[in-house]
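Note sheet for the following structure.
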Amino acid sequence: MLEDKNTKVRIAFFVILVGISSMFAAVVTDHWAVLSPRVEKVNTTCDAAHFGLWRLCTKRIYIQEPDPKGKGCGPISLPGEYSISAAAIAIIGVGFMILGTICILISFRKGMDYLLKPAGMFFTFAGLCIIISVEVMRQSVKRMIDSEETTWIEYYYSWSFACACAAFVLLFLSGIAVLLISMPQMPRNPWETCMDAEPETQE
């Protein structure tokens with residue numbers, strides 16, 4: 001791999017590692033959304049909830065004074081018990097992310113840079129999977145708020161949701177960048193074909 005190309009791949013991989021961290025944080029935590037009923041009076045209790053890909057966590061909170069931010073009971077933090085199906089898509093994304101990491105690490109070996117193309121594709125697919133999970137989660141929140149079977153009216157998206165969105169941006173754009181870096185160098189002259197271009201000098 002050319003030294004310049006190697007440097008670009010390492011920079012892209014650093015950004016990818018940040019995206020991987022954001023994606024793992026989003027997948028394993030339960031603060032995608034915080035739900036609460038509208039608080040109309042004080043000195044009473046209300047049932048608040050926050051949830052992620054794996055469970056819905058609920059807690060009964062005693063309200064002594066109105067929330068100045070107008071967000072009702074939340075935010076809260078406690079163990080809970082509930083699952084929603086957006087997790088399946090996120091797990092597929094994690095699988096793509098692991099495959100991409102393996103490919104890009106092996107590509108640093110001499111003569112193995114052809115693995116950059118599948119690595120870029122895997123990271124791009126991982127980004128797409130997590131943004132699909134974000135949309136499924138958003139629709140789930142909307143259904144829960146609109147349902148007559150729940151008392152939750154107020155809601156907002158929390159830090160796990162932000163981590164998922166950040167993971168999409170970092171993984172998708174970095175995957176595209178790795179794909180572009182892995183492309184063969186363009187001929188220097190208009191009349192020069194790709195086969196006639198000078199081969200890349202190995203380290």
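Residues: numbered from 1 along the sequence shown. Atom set for the values below is all heavy atoms of this structure, side chains included, hydrogens, waters and symmetry mates excluded.
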After noting the C-alpha distance and the side-chain angles of Ile104 and Ser107, does the key distance pass the side-chain contact (heavy atoms from CB on, under 4.5 Å) rule?
-> CA-CA 5 Å; Ile104 205 167; Ser107 72; 4.0 Å; yes
Give the minimum heavy-atom separation between [X] and [Y], together with the two atoms involved.
X: Leu53; Y: Ala86; answer: CD2-CB, 3.8 Å
X: Phe168; Y: Gly127; answer: CD1-O, 3.1 Å
X: Ala167; Y: Gly19; answer: CB-O, 3.6 Å
X: Ser158; Y: His31; answer: CB-O, 2.9 Å
X: Tyr157; Y: Arg138; answer: OH-CG, 3.0 Å
X: Cys129; Y: Ile89; answer: O-CG2, 3.3 Å

Is the side chain of Trp32 donor-acceptor paired with the backbone N or O of Ala26 at a distance under 3.5 Å, no angle test?
->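 Between the backbone of Ala26 and the side chain of Trp32 there is a qualifying donor-acceptor contact (under 3.5 Å).
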Heavy-atom distance under 4.5 Å between the side chains of Phe122 and Ile98, does that happen here?
->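 Side-chain contact under 4.5 Å: no.
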Is there a side-chain contact between Cys103 and Leu116 (heavy atoms, below 4.5 Å)?
->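 Not in contact.
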About how many Å separate OG1 of Thr7 and CD1 of Ile181, when rounded to the nearest 0.5 Å?
-> 10.0 Å
Just how far is it from atom CD1 of Ile131 to atom CD of Glu135, taken to the nearest 0.5 Å?
->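 Between atom CD1 of Ile131 and atom CD of Glu135 there are 8.0 Å.
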Identify whether [X] and [Y] are in the same connected component of the hydrophobic contact network (ILVMFWY, side-chain heavy atoms under 4.5 Å).
X: Leu171; Y: Leu17; result: yes
X: Ile130; Y: Val15; result: no
X: Met23; Y: Leu105; result: yes
X: Ile91; Y: Ile102; result: yes
X: Ile132; Y: Leu170; result: no

Within 6.0 Å of CZ in Phe161, more than 12 heavy atoms from elsewhere | yes
Atom NZ of Lys117 with >12 non-hydrogen neighbours under 6.0 angstrom | yes
Verify side-chain contact (heavy atoms from CB on, under 4.5 Å) between Phe123 and Ile20, making sure each step is shown before the conclusion.
-> CA-CA 9 Å; Phe123 287 123; Ile20 289 173; 4.3 Å; yes
Audit row: Phe24, Val94, side-chain contact (heavy atoms from CB on, under 4.5 Å) steps and yes/no = CA-CA 8 Å; Phe24 274 123; Val94 170; 4.0 Å; yes
Under the side-chain contact (heavy atoms from CB on, under 4.5 Å) criterion, do Phe13 and Thr101 qualify, and how do the steps go?
-> CA-CA 9 Å; Phe13 188 51; Thr101 302; 4.3 Å; yes
